[in-house]
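Below is one structure, written out as structure tokens, with a few remarks after it.
Each ligand, and each atom within it, is numbered from 1 in the order the structure gives. Keep in mind that the numbers below use all heavy atoms, side chains included, and drop hydrogens, waters and symmetry copies.
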Amino acid sequence: MRYSDGAQFGEGPLFLKGHGTENDFVILPDPDGELKLTDSRVQALCDRRRGLGADGVLRVVRTAALEDAPDSVPGDVWFMDYRNADGSVAEMCGNGVRVFANYLVHAGLAEPGEIPVGTRAGVRPVVTRADGRVTVDMGPAALFGRSRTAVGKENFPGVAVDLGNPHLACVTEADLDGLDLSSQPPFDPQVFPKGVNIEFVQRTGPGRVRMRVYERGVGETRSCGTGTVAATVAALDADGATTGHRIVDVPGGTVEVEVTEQTSTLTGPAVLVAAGRLDALWWELA
Ligand SMILES: N[C@@H](CCC[C@H](N)C(=O)O)C(=O)O
């Protein structure tokens, strides 16, 4: 079908859909940074009725083609330009970077194994594994204070953790299923001036925790990779430790987190679901 300006249906940008423990993303290959990725288009892409539906957008672009890439990221590295569903830019996405690496291998843009990925938090080494899981070196998980939130009438103290993006991780004995996370839990803007991702963490057994999360710029999601690392830091802190390993169960699946003195790693599944083309007119009007 041809439109009046001659554009044909399906001639819009290529996209892929993928997820990591059901934290889902639209992947937009854009090697030379030519797509005009406005907040409005990100919101439309992520809308689960008028768009493709996702928690966020991963634009695949050469670092050299980006104006706001950190100087620490070499120009020849593929850059994950991450946007939350509300269109906001975030520094890092632990599930997204693992899906991103799988896309690079799928598209023949990287060999399987260790792949450096540029992010606004710096370069993150990602390793695609023979068992299909993907590991990312998330960098040091910095506990930088204590704060609190509330759900309904219940207060939740927690730890402030920097993973490149900000987190408030609250260990609790409360029943996580009873928490109403349909709206933004309150937070202290003095501690989190750029907003915050808020995790609710229950210790469920030796070396294992369960987590729900309200993500900055999205709302409640089925998983949050940086959030699982923050949850692990909080669980270690509650156990009087600063390093260790935790299995983290999230509504969308299970991941493994290791925190050491030097860095932190996240390992789990990362799936590519589909590929296609956006309609050119839809993209123009979005
Ligand atoms: N889901 C992501 C985190 C995405 C960014 C976050 N919402 C923020 O604004 O910091 C992950 O897997 O880490």
Subject >> Top protein contact for atom 13 (O) of ligand 1, by heavy-atom distance >> reply: Thr226 OG1, 2.6 Å
Original post:
Taking only heavy atoms of Gly94, which atoms of ligand 1 are found under 4.0 Å from at least one of them?
Top reply: 11 (C), 12 (O), 13 (O)
Original post:
Going through the distances and angles, do Tyr82 and Phe25 end up as a side-chain contact (heavy atoms from CB on, under 4.5 Å)?
Top reply: CA-CA 10 Å; Tyr82 176 81; Phe25 310 100; 3.9 Å; yes
Subject >> Short side-chain to backbone donor-acceptor contact, Asp81 and Leu58, under 3.5 Å >> reply: no
**OP:** Give a yes-or-no answer on whether the side chains of Thr221 and Asp55 include a donor-acceptor pair shorter than 3.5 Å.
**Re:** no
**OP:** Decide whether an N or O pair under 3.5 Å exists between Glu91 and ligand 1.
**Re:** no
Subject >> Residue, atom name and distance, where the atom is the protein heavy atom closest to atom 7 (N) of ligand 1 >> reply: Glu215 OE1, 2.7 Å
Subject >> ligand 1-proximal atoms of Asn84, by part, heavy-atom distance under 4.0 Å >> reply: side chain
Original post:
So is Met92 in contact with ligand 1, going by heavy-atom distances below 4.0 Å?
Top reply: yes
**OP:** Using a 4.0 Å heavy-atom cut-off, say whether Ala90 meets ligand 1 through its side chain, its backbone, both or neither.
**Re:** side chain
Original post:
Hey, any chance Trp282 and Val57 share a hydrophobic cluster, counting ILVMFWY side chains that come within less than 4.5 Å of each other, even indirectly?
Top reply: yes
Subject >> Distance-only N or O hit between ligand 1 and Arg216, under 3.5 Å >> reply: yes
**OP:** Any atoms of ligand 1 less than 4.0 Å from a non-hydrogen atom of Asn165? List them with their elements.
**Re:** 5 (C), 6 (C), 8 (C), 10 (O)
**OP:** Could you tell me whether Asn197 approaches ligand 1 through its side chain, its backbone, both or neither, with non-hydrogen atoms closer than 4.0 Å?
**Re:** side chain
Original post:
Any sub-3.5 Å donor-acceptor pair from Ser223's side-chain atoms to Val250's backbone N or O?
Top reply: no
Original post:
Judged by atom type as modelled, is there a donor-acceptor pair below 3.5 Å linking the side chain of Arg98 to the main-chain atoms of Leu266?
Top reply: no
Original post:
Is any side-chain N of the basic residue among Asp76 and Arg62 closer than 4.0 Å to the acidic one's carboxylate O?
Top reply: no
**OP:** Mark up the atoms of ligand 1 that fall under 4.0 Å of a heavy atom belonging to Tyr82, in ascending order.
**Re:** 4 (C), 5 (C)
Original post:
Looking at ligand 1, does any of its N/O atoms fall within less than 3.5 Å of an N/O of Asn95?
Top reply: yes
**OP:** Run the contact test for Cys224 against ligand 1 with a 4.0 Å cut-off on heavy atoms, strictly below, and give the result.
**Re:** yes
Subject >> Heavy-atom donor-acceptor pair, Tyr214 side chain to Ile198 backbone, under 3.5 Å >> reply: no
Original post:
Looking only at protein heavy atoms, which one is nearest to atom 2 (C) of ligand 1, and how far off is it?
Top reply: Cys93 SG, 3.3 Å
Original post:
Looking just at side-chain N and O atoms, do Asp188 and Ser147 make a donor-acceptor pair shorter than 3.5 Å?
Top reply: no
Subject >> For atom 12 (O) of ligand 1, the protein heavy atom that lies nearest, with its residue and separation >> reply: Gly225 N, 2.6 Å
Original post:
Should Leu104 and Val273 be regarded as members of a common hydrophobic cluster, given that ILVMFWY residues are connected when their side-chain heavy atoms come within less than 4.5 Å of each other, either directly or indirectly?
Top reply: no
